[in-house]
Trainee: 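One structure is given below, represented as structure tokens, and several questions about it will come after.
We count ligands from 1, going down the list as the structure has it; atoms in each ligand are counted the same way. No hydrogens, no waters, no symmetry mates; every other heavy atom, side chains included, goes into these values.
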Amino acid sequence: MKTAFITGISGQDGGYLAQLLLSKGYKVIGITRNNHPTNLYNLSYLGIQEEILFEEGDLCDLPFVIRILEKHNPQEIYNLAAQSSVGLSFAQPTATIHYNISSVLNLLEAIRIVDSSIKLYQASSSEMFGKVSNLPVTLTTPMHPLSPYAISKATNYWTVINFRESYNMFVCNGILFNHESYLRSNTFFVKKVLQDSFKIKNGKLDHLRVGNIDVKRDFGFAPKYVEAMWLMLQQNDPRDFIICSGRSISLRHIIEYIFDKLSLDKNKVVIDPQLYRPTDILDIYGDNTAAQELLGWSYTLKFEEVLDQLIQEEEQNLTIARA
Ligand code: NAP
């Protein structure tokens with residue numbers, strides 16, 4: 001039986017990845033800053049909370065990281081923990097950069113000190129590329145980060161590569177584009193639009209307030225994207241991969257699609273300039289050819305199909321909550 005650590009297990013990807021690893025017979029250790037049941041809602045929603053062992057602590061504390069590695073001897077670590085919101089990173093740049101950079105450095109150092117054969121997956125982000133002039137994004141696209149979050153993720157990306165090249169460690173970056181699910185936090189665009197749209201439909205909210213909805217992003221489905229994380233650590237050699245759908249759509253299109261499905265009046269969308277970001281990416285999508293060819297990862301979902309599924313799951317859970 002393999003043992004895997006998942007940091008940030010209480011988040012969206014942590015839940016789906018834990019579910020995948022458990023289905024493959026892994027012993028899963030979840031690292032969280034707070035293992036109070038209220039923080040583990042996603043795991044109980046998926047019905048897997050009881051199957052996971054938890055270690056509570058701070059990844060910025062190197063002795064803690066070393067101690068848990070020595071205690072559990074994992075073969076694989078999936079590092080998903082991060083201050084993951086681009087918007088919040090503008091409000092809290094120091095905290096975001098400090099946490100995101102120190103946590104990754106500590107994990108790499110702890111692996112090097114305790115057992116350099118432990119494999120590490122690092123949750124990198126398409127946000128690192130930022131102001132791109134050529135699309136689709138590939139591994140050779142120059143990076144021009146446009147937020148404190150993106151700066152932290154770019155630093156993580158190069159730190160991982162530096163440890164791989166310097167110490168011959170199996171550590172790699174999954175560069176994931178936006179991916180969504182029912183478990184996405186409502187501080188993120190798609191989940192917020194879904195929740196607010198249902199509130200409007202049920203007479204609990206007047207308007208949907210949004211920022212710049214003419215930007216375009218490459219959106220995918222989280223449960224499919226976590227499969228690529230696992231595949232990356234099963235290869236013979238460590239390598240970085242871009243994980244995306246390969247197609248971008250505008251935020252406006254997403255709103256219109258959801259409003260049409262719920263028969264809502266589009267005049268209920270309010271553009272609020274206060275919600276604009278200081279700098280934003282206008283359009284971005286990636287090239288997932290390497291992941292499809294080398295990892296055998298397949299992704300064929302259109303985002304409208306994902307939205308259909310999310311609308312259905314949101315509605316089902318609202319009905320259950322009301323019953
Ligand atoms: P998420 O839902 O926000 O979960 C991240 C987890 O990190 C949280 O549940 C939290 O768990 C932990 N965490 C540790 N330190 C934190 C801090 N200072 N502030 C906030 N949370 C902190 O993120 P996700 O969507 O699952 O994404 C997983 C990883 O992939 C993240 O590193 C994210 O940046 C990256 N990523 C995500 C996407 C996407 O579209 N979802 C795209 C590209 C990259 P505890 O409270 O239990 O410690």
Trainee: Got an N/O contact under 3.5 Å between Glu180 and ligand 1?
Mentor: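 No; every N/O pair is 3.5 Å or more apart.
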Trainee: With nothing but distance in play, are any N or O atoms of Asn34 less than 3.5 Å from an N or O of ligand 1?
Mentor: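 Such a contact does not occur with ligand 1.
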Trainee: Can a side-chain donor-acceptor contact be found between Asn42 and Tyr16 if the only test is distance below 3.5 angstrom?
Mentor: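 There is no such pair (donor and acceptor under 3.5 Å, judged by atom type) between the side chains of Tyr16 and Asn42.
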Trainee: Pairs of nitrogen or oxygen atoms closer than 3.5 Å, one from Tyr149 and one from ligand 1: do any exist?
Mentor: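 Yes - when backbone and side-chain N and O of Tyr149 are compared with those of ligand 1, one distance drops under 3.5 Å.
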Trainee: With the threshold set at under 4.0 angstrom, would you say Lys153 reaches ligand 1 through any of its heavy atoms?
Mentor: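 Under 4.0 Å: yes for Lys153.
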Trainee: Numbering the atoms of ligand 1 from 1, which are under 4.0 Å from a heavy atom of Asn178?
Mentor: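 Heavy-atom distances to Asn178 below 4.0 Å select 40 (O).
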Trainee: Atom 9 (O) of ligand 1: which protein heavy atom is closest, and how many Å away?
Mentor: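 I find the closest protein heavy atom is Ser10 OG, 2.9 Å.
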Trainee: Measure centre to centre between the rings of Tyr45 and Tyr182, then say whether the value is under 6.0 Å.
Mentor: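 Under 6.0 Å, so yes.
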Trainee: Which ligand 1 atoms, with their elements, are less than 4.0 angstrom from a heavy-atom of Thr32?
Mentor: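 Every atom of ligand 1 under 4.0 Å from some heavy atom of Thr32: 45 (P), 47 (O), 48 (O).
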Trainee: For Ser147, which residues count as a side chain to side chain contact (heavy atoms under 4.5 Å, CB included) partner, sequence neighbours excluded?
Mentor: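 Result, side chain to side chain contact (heavy atoms under 4.5 Å, CB included) vs Ser147: Val86, Ser89, Phe90, Tyr149, Ala150.
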Trainee: With heavy-atom distances below 4.0 Å as the criterion, list the atoms of ligand 1 near Arg184.
Mentor: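 Taking each heavy atom of Arg184 in turn, ligand 1 has 25 (O), 39 (C), 40 (O), 41 (N) under 4.0 Å.
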Trainee: So, is Asn39 polar-close to ligand 1, with some N/O to N/O distance under 3.5 Å?
Mentor: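 So ligand 1 has an N or O lying under 3.5 Å from an N or O of Asn39.
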Trainee: Any N or O of Gly14 that comes nearer than 3.5 Å to an N or O of ligand 1?
Mentor: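 No, Gly14 has no N/O under 3.5 Å of an N/O on ligand 1.
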Trainee: Nearest protein heavy atom to atom 10 (C) of ligand 1, by residue and atom, and its distance?
Mentor: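 Here the nearest protein heavy atom works out to Arg33 NH2, 3.8 Å.
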Trainee: Among side-chain atoms of Asp218 and Ser248, is any donor-acceptor pair under 3.5 angstrom?
Mentor: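 No, no side-chain donor-acceptor pair sits under 3.5 Å.
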Trainee: Taking distance alone, with N or O pairs closer than 3.5 Å, would you say Ser126 contacts ligand 1?
Mentor: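 Ser126 vs ligand 1: no N/O contact under 3.5 Å.
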Trainee: Any nitrogen or oxygen of Ile31 lying under 3.5 Å from a nitrogen or oxygen in ligand 1? Just yes or no.
Mentor: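 Checking ligand 1 against Ile31, no N or O pair falls under 3.5 Å apart.
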Trainee: Does Arg217 make a cation-pi contact with Phe219, if we ask for NZ or CZ under 6.0 Å from the ring centre and within 45° of the axis?
Mentor: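 The answer is no; the distance or angle limit is not met.
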Trainee: Return yes if a side-chain donor-acceptor contact under 3.5 Å exists between His179 and Asp13, otherwise no.
Mentor: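 A donor-acceptor contact under 3.5 Å links the two side chains.
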Trainee: Distance alone, cut at 3.5 Å: any donor-acceptor contact between the side chains of Thr7 and Asn79?
Mentor: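 Yes, side-chain donor-acceptor contact under 3.5 Å.
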Trainee: Could you label the plane-to-plane angle of the His72 and Phe5 rings as parallel, tilted or perpendicular, counting under 30° as parallel and over 60° as perpendicular?
Mentor: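 Because their plane-to-plane angle is over 60°, the rings of His72 and Phe5 count as perpendicular.
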Trainee: Under a 4.5 Å cut-off applied to non-hydrogen side-chain atoms, are Val160 and Val104 in contact?
Mentor: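 Yes, close enough: below the 4.5 Å cut-off.
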Trainee: Any idea which of Gly11, Ser84, Ser124 brings a heavy atom closest to atom 23 (O) of ligand 1?
Mentor: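 Among Gly11, Ser84, Ser124, the closest heavy atom to atom 23 (O) of ligand 1 belongs to Ser84.
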Trainee: Looking at ligand 1, does any of its N/O atoms fall within less than 3.5 Å of an N/O of Asp13?
Mentor: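 Between Asp13 and ligand 1, an N or O pair is found under 3.5 Å apart.
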